[in-house]
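Counting starts at 1 for both ligands and their atoms, following the listed order.
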Amino acid sequence: MSKVLVIGAGGVSSVAVHKMAQLPEIFSEVVLASRRRFKCDAIAKSVKERFGYDVETAEVDADDVDATASLIERVRPKLVVNLALPYQDLSIMDACLKTGVDYLDTANYEPRDEAKFEYKWQWAYQDRFREAGLMALLGSGFDPGVTSVFATYIKKHLLDRIETLDILDCNGGDHGQHFATNFNPEINIREVTAPARHYEKGQWIETPPLSTKQAFEFDQVGQKNMYLMYHEELESLATHLPEIERIRFWMTFGDQYLKHLEVLQNVGMTRIDPVIYEGREIIPLQFLKAVLPEPASLGETTKGKTNIGDIATGTKDGQRKTFYVYNVCDHEEAYRETGNQAVSYTTGVPAMIGAALMLTGAWRGEGVFNMEQFDPDPYMEMLNRHGLPWQVHELPEPLPF
Ligand code: NDP
């Protein structure tokens, strides 16, 4: 029986809290706080109507360490689940250290003024968390998150040694809008417009954004074009599973999305440096976010499925083998259960699972941890039971590209 404080009240938080409410034996009390309290109240109302579970709400600016620490002092949770934005990671970690409480998030820290996410800032908290006897679990979403758990599952059960690992993220959903992003537009566009990078034989190889394309047939979605990208789990996987020779990340994008993105980039709307408009500074990308549809509003109209998984090639008992582990998630089913589409669902469910494993002690350690540092089995078992069932297939041959 444990109390948690969830910070942030967007789509991912909404799913996580709806899921926690269905496991009152683990999440005895949930307090939900965010920048604007009315967003928390709307989630609490939906949770009460669907599951009869009471969520207490509060308002906090998580950029403010003292304000966040005061809230933690008042609530006295066993764990803080950070589902705000990557910008708040360090301030919430600082508040946890100040108050002696464990920490979990789904995305690694990114400074506001540079589109660069790296674990170095959060890994630098290792000694402070260890010395305080506290645990921080980083990246318990789908990717990063489940994709790292799939990799450790393959390493534990299917292959003696992984040589190559490809993470394939396909969103086959259609929201009926000309252009919209499925999660926070600012974070999403910063990620997509960054140069691609993959890991090969101890080196990082950089290529221009969206310049490497492959067609792939995704189960229950169909054929889609996917693009090589940099993604944060590549850094932690290369660190914690150093025997893997090549790690790549691919994401699908439709032609319509790419056409709009190209124009927005060409006209300067994706810039993150300030420009003067009518005498005051504005950041074009933040202005663009304000005019794009709210990701949460897409849930009602989105149809189709996501398919995210890992393809690993390596050796088992001296033989070369390739395995594909993936989950398929249906946007409409996710919406029926929680009022949110599958991109929020596939992140919010793993956030709840990571929190449950920390609260029950199934995953425990002192310091700062990434997902691939723990036993995958209890996590894989919870994925099957809580809405993200996975499948394993042996492929006849490695990827041809
Ligand atoms: P949203 O933008 O929908 O929600 C973010 C929430 O954080 C909003 O409620 C926002 O408040 C709140 N917030 C922002 N700034 C502050 C602050 N200073 N103090 C308190 N609250 C604040 O994002 P998502 O729900 O889509 O994503 C949440 C997180 O999940 C992000 O970090 C994202 O990168 C990550 N993510 C991870 C994925 C994975 O697979 N690992 C996939 C998708 C997302 P307000 O409502 O007032 O704006």
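- Atom-to-atom distance recorded for Ile283:CD1 and Thr270:OG1 is 12.5 Å, nearest 0.5 angstrom.
- A cation-pi arrangement is found for Arg128 relative to Tyr125, the charged atom lying closer than 6.0 Å to the ring centre and inside a 45° cone about the ring normal.
- Listed by first and then second residue, the side-chain hydrogen bond (donor to acceptor under 3.5 Å, both in side chains) pairs involving residues 296-305 are Gln220-Lys305 (not counting sequence neighbours).
- Within 4.0 Å of ligand 1, counting heavy atoms only, the contacting residues are Gly8, Ala9, Gly10, Gly11, Val12, Ser34, Arg35, Arg36, Lys39, Val60, Asp61, Ala62, Asp63, Leu83, Ala84, Leu85, Pro86, Gln88, Thr106, Ala107, Gly141, Phe142, Asp143, Pro144, Phe183, Asn184, Ile187, Thr347.
- Listed by chain and residue number, Phe142, Phe150, Pro350, Tyr379, Leu383 satisfy the side chain to side chain contact (heavy atoms under 4.5 Å, CB included) test with Val146 (two or more places apart in sequence, or in another chain).
- Looking at Ser236 and Glu372, their side chains do bring a donor and an acceptor atom within 3.5 Å of each other.
- Within the structure, the side-chain hydrogen bond (donor to acceptor under 3.5 Å, both in side chains) test picks out the following pairs touching residues 252-268 (sequence neighbours left out): Asn188-Tyr257.
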